[in-house]
Amino acid sequence: MITETKELLENIIKPYSAILFLNNKVAGILIILITFMNYRIAISGMIAIASILLFAKLIEFKSEYFSEGFYIYNSLLVGMGIGFIFPLSYISISLIIIASIFTFLLSFMLNRLFSVYSLPILSLPFSIITILIYLASYKYIGHTAVTFESGTSFYNLALPSFLSSFFRSVGTIFFLPNALSGLLLSLIVLYFSRILFIIMVTGFYFGVAVHAVFLGSYESALLNPYNFNYIIVATALCGIFLLPTIRNFFIAMMGVLISVVISDALHTIFYYYGIPVFTLPFNMTVTAFIFVLSMLYYKEFNYNIKSTPEESLSYYLSNIFRFGSNQIKISLPFSGEWSVYQDFNGEWTHKGKYKYAYDFVKTKYNKTYKAEGLFLTDYYAFGESILSPISGYVIDAREDLSDNIIGEVDRVNNWGNYIIIKSDLGFYIEISHLMQYSLHVKIGDYIKLNQIIAKCGNSGYSPEPHIHIQVQEIGVINAFTKKFTFSEYYVEKQLLFNHLPKKGELIRNVIVNKNVHSRLIFILDDVLHYDIYEDGEKRGTTSFTVCMNSGGEFYFEDEKNNKLFFYADHLMFYFYHYSGENSALQQLFILAPRIPYIHKDGIYFTDYLPINLLYSKLKTMKIELLSTVNKNFYKIEKRYTYNAYSLSSDLGEVTFSPHNKGFQTICYQKTKLIRKEP
Amino acid sequence: MHTITQLILDNNVAFHPMMGNSYKLNKTGKEIIEYLKEGQSKDEIIKTLSEKYEISPDELFIDVGDFFAKLRIYGLQQ
Amino acid sequence: MHYEKPTINKIDFAMGSKYGSPVKTQKIRTNIAGVNVNDLTEKYGSPLFVFTEQEIEDKYNTLYEAFSTRYSDVEFGWSYKTNYLNEICRIFHKLGSCAEVVSEFEYQKARALGIEGKDIIFNGPYKPKEDLKIAVQEGAKIHIDHLFELNDLEEIAEELNIQIPVAIRVNMDTGIYPQWSRFGFNYENNEALEAVERMHQNGKLILNGLHAHIGTFMLDAKAYGMATEKLMHLKAIIENQFGYEIEYIDLGGGFASKSNLKGVYQSSEVIIPTADEYADAITNAIYDNNRSKKLPKLYLETGRHLIDEAGYLLSSVWGYKRFPDGKKGYIMDAGVNLLYTSNWYNFNIELDKRYEGENELSMLNGPLCMNIDIIEENIMLPPLNRGTVLSISPVGAYNYTQSMQFIRYKPAVVLIDKEGNTRVIKEVDDLDTVNYKEV
């Protein structure tokens, strides 16, 4: 019952903030209050929402769909649009109900069509329906003429026109074309997202400036009632659907220019019928950009839209710095210390469509062979185990070719004996030049990461024993290669993540230790209890409980409801998000942002910390803003030293026990948490 | 002796036309074959080589004897 | 003028080989770990055993890493019977090994090197009671082979009025032939379980470990997986039934080295498993079959795999003959008296420099006047001189410890350390050595 009411309230409040591309309940409530500046708008909006919620119940529409706000905010906008020209009456209310239900249906239909191309419907249904309503309403009684200049002068404030026109445009988005509403809305935006605010302002003035040149009149450009399109085009293309970066800023401005022209073109046609163009320029421009950019897999497309552009950017940068973004990641196919013989674009054979490949050899004292290197058995790589770089199914393999003697190569069967594995994640890996009859597995077997699958040989086009590895889009021999990176490996004592070694570099593979892995497997309702010591004196206790949210994400929660989100994949355990106040849980993130499943002493690695955990709110805001210009501002590196049972840095230390799951002690500054049994 | 005289020498390879076999010789081996074709005896050959290369006759006795043993095995000598 | 020994070789067009032309290719080794082999024999005599510390360390580190990255609690016990030269044992102890011994003599050797009883694993079917008692008192890990030994230990426990922590050796079917079923207690027919029950009843001995040593020169890593699985099953049953806590399991030795087995065509690189394969098989089996809260400590008693490739035997040509069948026979100063394992393995024979002339079919014989003294029956070698030094490898495992005091004095042993310095770790025997214990 409580959840139902909660859901209901959310469905009412969220659409208001969604119109401004924010996803915040407080913002929504404030905006609702602002709409009451024109009670007709406010109430019409409410009626619209109520109609579709009831309608949804009638047709038993799943409430999960409403989590995608566009079903509701389109109807909300329609409602407000009707309220703008109709005084409240039975006619207007019926129109609102009819229109909002129709909008709902149209939203659903359009979404089905658009989603084929991964496009959002934005506010297209609203534009279409409201135009229809306005057209129809010429025949109906009771409506007032559409003027975007209406609104009491009381709300207009005594501002110079270049400022008040901006605020008026902002207000127009909510059918409140007056400076006060715009000012309040802008303040709300400024509070929740500096980036959004800056883009709104830039988009508006840039559009107006260019329009002024075309029109030949600065005044007319400022007073153009459709300027709000520039605001929403700019924010959509730099902050919401595209990440807030410099490149996207230029794209957004280009979008604004396009919408200037479209706006004028549409206005010329619509003027004939006396209807406004609403958000059609915005819809047309933004949809076109999104369509093309998403088809091209544009790098700075925002695939994970969060509640503010700052959060989206943080998520994106974190993903790049901490987790190597969405590249294909594999492990190394050997154990012990090997050297890179050829890397990507290697001069000898890694060229053209075959450039994304690596060749590895085993060296000792800088040579790949002992004695004179005349015999196969002189080569250190010959006979060494090949380990699987991923988990997956063996889909093709060959082992009948003999190993060439030194001095001969097989140019007919370039790849020699090989194995092709299909990763659980969908891509294919091919490993070449295997030793004759050395396969430990057969086609159809499921193999696990690090499993020994064959021996290194000298078959195929191979002048000396080496391992050749490449990633392919399809699982046939001779297919073209695809770019990838190595998830982790050691160079001396340093553990590198998502890196590519260079030619001649000496590297070692990381073998996953099952014991360490099992100590970091947490299940729901596991509790870790700690005694807290400050300056050596016991000050209290705390406990971390493992919980899961509705999105299936796991987190540790303490008594004060601070949440530390974690994830564990096949290679390591890591924290990726924290919400709450300063606490030991928060420190845990900083002290142990990731824990690889390895058992080795004296290893060190670098991780990048989320800035909001390290700095004050103000500094965080500043850095978030600077990161739009240069992502390196966001890179806060920390070096961690990993020993078999401890992870330490200059911020503190976390220790582990060989017999217990989780963290044994957590130490930072003067505080020390020591694990205790319940 | 008969068979030795029938050997045809071409660079470092000796070919026996009747038996159809080829033999690889090194420099000294070729020399000895040539001396044998001239009709020198084992002792004579040892003396010639000893003077030419300044190696003791005792050492040459072993080496030439070894060479002759191979000739016997190949049926080129009795 | 330049003199070459005369050679004549029939040209045989049909001859072919897997790894290079048989008449031209020469395997040459001018130095061991940077030290010239001729310098070695000049300085220290011939024949000469040579060990390199770097190779020992590399092999040890590779094997240890293969295990320790996969399994957190692992320790190696150096198998003394493989090579009990003090300096060699010292190297392994310095690297972190404890000692594994199979007789009182090896036990005493370990103690004399300063190894404490608790760091000695005492295996073997023949443990005289007095020595067993000393081992108990010094805290050694005793792995019981049979019930008579069990009785002896219970008597000792009685005499010393203590409870003794012990382990038992278990044999089982691991899918390979031959099954070493004459050591320890059998798993399949419950002999092992019955022995533990017996132990439990009398309460004088406390079982805290399980040991299995399944074979030697194992070519199949899966056999270890099976042995580990069965040991882990036994561990779970024992812990459940008798309440003992099995702290460790010992998988013994038997890992193969890059030695070429006689009668096997393929080279060792093709057939022997790598360190990773052994490590994978054993550690996976432990994880997959663990039923207790704690994972046991893993001991390994690797010998051959760690020392074989680090040992060379330098031997000089003394003379040669041409046999009636045409084969060249070389007389070397080292033979089966020093290379007992030549019964089962073909060694690498490497020349000290490039020799002129074509290869011919040769045989290498030792210094003994026994017809069986053959190191290599058929080998293609260029004509060698008196004094040519041949490097024979890998001989680090068993050859020294199994060498005979027969006809010849046992040779010196030299160690090349990591910096390239050489030193004698055992001098040549002399008459005193031979006569020492005669009355």
Side-chain angles (χ1 to χ4, degrees), chain B residues 3-4 7-37 40 42 44-78, chain C residues 1-17 20-26 316-333 351 353-365 367 377-388 390:
Chain B
T3 28
I4 291 283
L7 278 176
I8 301 171
L9 284 174
D10 175 13
N11 274 335
N12 280 358
V13 177
F15 178 64
H16 196 287
M18 271 182 65
M19 285 159 62
N21 291 321
S22 303
Y23 304 91
K24 191 105 185 283
L25 296 159
N26 69 348
K27 193 164 74 110
T28 325
K30 190 170 161 202
E31 268 186 64
I32 297 179
I33 297 285
E34 281 163 353
Y35 296 150
L36 283 171
K37 284 169 117 174
Q40 286 196 35
K42 185 175 174 185
E44 286 168 337
I45 294 173
I46 290 176
K47 190 155 170 284
T48 319
L49 290 174
S50 172
E51 276 160 19
K52 184 171 178 193
Y53 292 106
E54 289 167 6
I55 305 282
S56 81
D58 290 334
E59 194 181 319
L60 284 168
F61 187 79
I62 301 178
D63 293 346
V64 176
D66 189 53
F67 189 77
F68 275 41
K70 287 291 283 279
L71 291 177
R72 270 197 294 279
I73 287 162
Y74 288 144
L76 295 170
Q77 222 189 28
Q78 260 58 50
Chain C
M1 287 193 70
H2 178 63
Y3 168 72
E4 283 171 26
K5 295 184 206 297
T7 60
I8 177 169
N9 283 308
K10 181 144 74 161
I11 297 177
D12 190 342
F13 298 101
M15 277 178 95
S17 146
S21 158
V23 268
K24 278 270 175 249
T25 36
Q26 294 180 13
S316 310
V317 171
W318 183 247
Y320 48 83
K321 315 182 165 168
R322 175 79 52 190
F323 297 137
D325 64 1
K327 202 186 276 189
K328 188 90 167 278
Y330 289 98
I331 301 158
M332 314 292 302
D333 56 17
L351 308 165
K353 65 177 202 280
R354 181 162 286 281
Y355 286 87
E356 288 171 14
E358 296 209 333
N359 291 345
E360 47 187 359
L361 196 60
S362 317
M363 179 193 282
L364 294 175
N365 297 122
E377 191 154 357
N378 292 301
I379 177 171
M380 294 299 284
L381 293 173
L384 305 174
N385 305 320
R386 181 185 244 194
T388 298
L390 299 182

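In what follows, chains carry the letters A, B, and so on, assigned in the order in which the sequence lines appear, proteins first and then strands, with residues in each chain numbered from 1.
With hydrogens and angles disregarded, a donor-acceptor distance shorter than 3.5 Å links the side chain of K30(B) to the backbone of N11(B).
Looking at L49(B), neither its backbone nor its side chain comes within 4.5 Å of chain C, counting heavy atoms on both sides. In this structure, chain C has no heavy atom under 4.5 Å from any part of E31(B). Within the 4.5 angstrom heavy-atom criterion, no atom of P383(C) approaches chain B. Both the backbone and the side chain of L25(B) come within contact range of chain C, each with at least one heavy atom under 4.5 Å from a heavy atom of that chain. Heavy-atom distances place both the backbone and the side chain of D66(B) under 4.5 Å from chain C. Neither the backbone nor the side chain of E356(C) comes within contact range of chain B, judged by heavy atoms closer than 4.5 Å.
The two residues N21(B) and F15(B) have their closest heavy-atom pair at O-CD1, 3.5 Å. Contact between L384(C) and Y320(C) at its shortest, heavy atoms only, is O-CE2, 3.3 Å.
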Evaluate salt bridge (charged side-chain N to carboxylate O under 4.0 Å, His left out) for K27(B) paired with E4(C), printing each intermediate quantity in order.
CA-CA 7 Å; K27(B) 193 164 74 110; E4(C) 283 171 26; over 6 Å; no
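For the set I73(B), N26(B), D63(B), the entry with the most heavy-atom pairs within less than 4.5 Å of chain C is N26(B).
In this structure, Q77(B) CD and F68(B) CZ are separated by 5.0 Å, a value rounded to the nearest 0.5 Å.
For the pair K5(C) and Y355(C), the cation does not sit on the ring face, since its NZ or CZ is not both under 6.0 Å from the ring centre and inside 45° of the axis.
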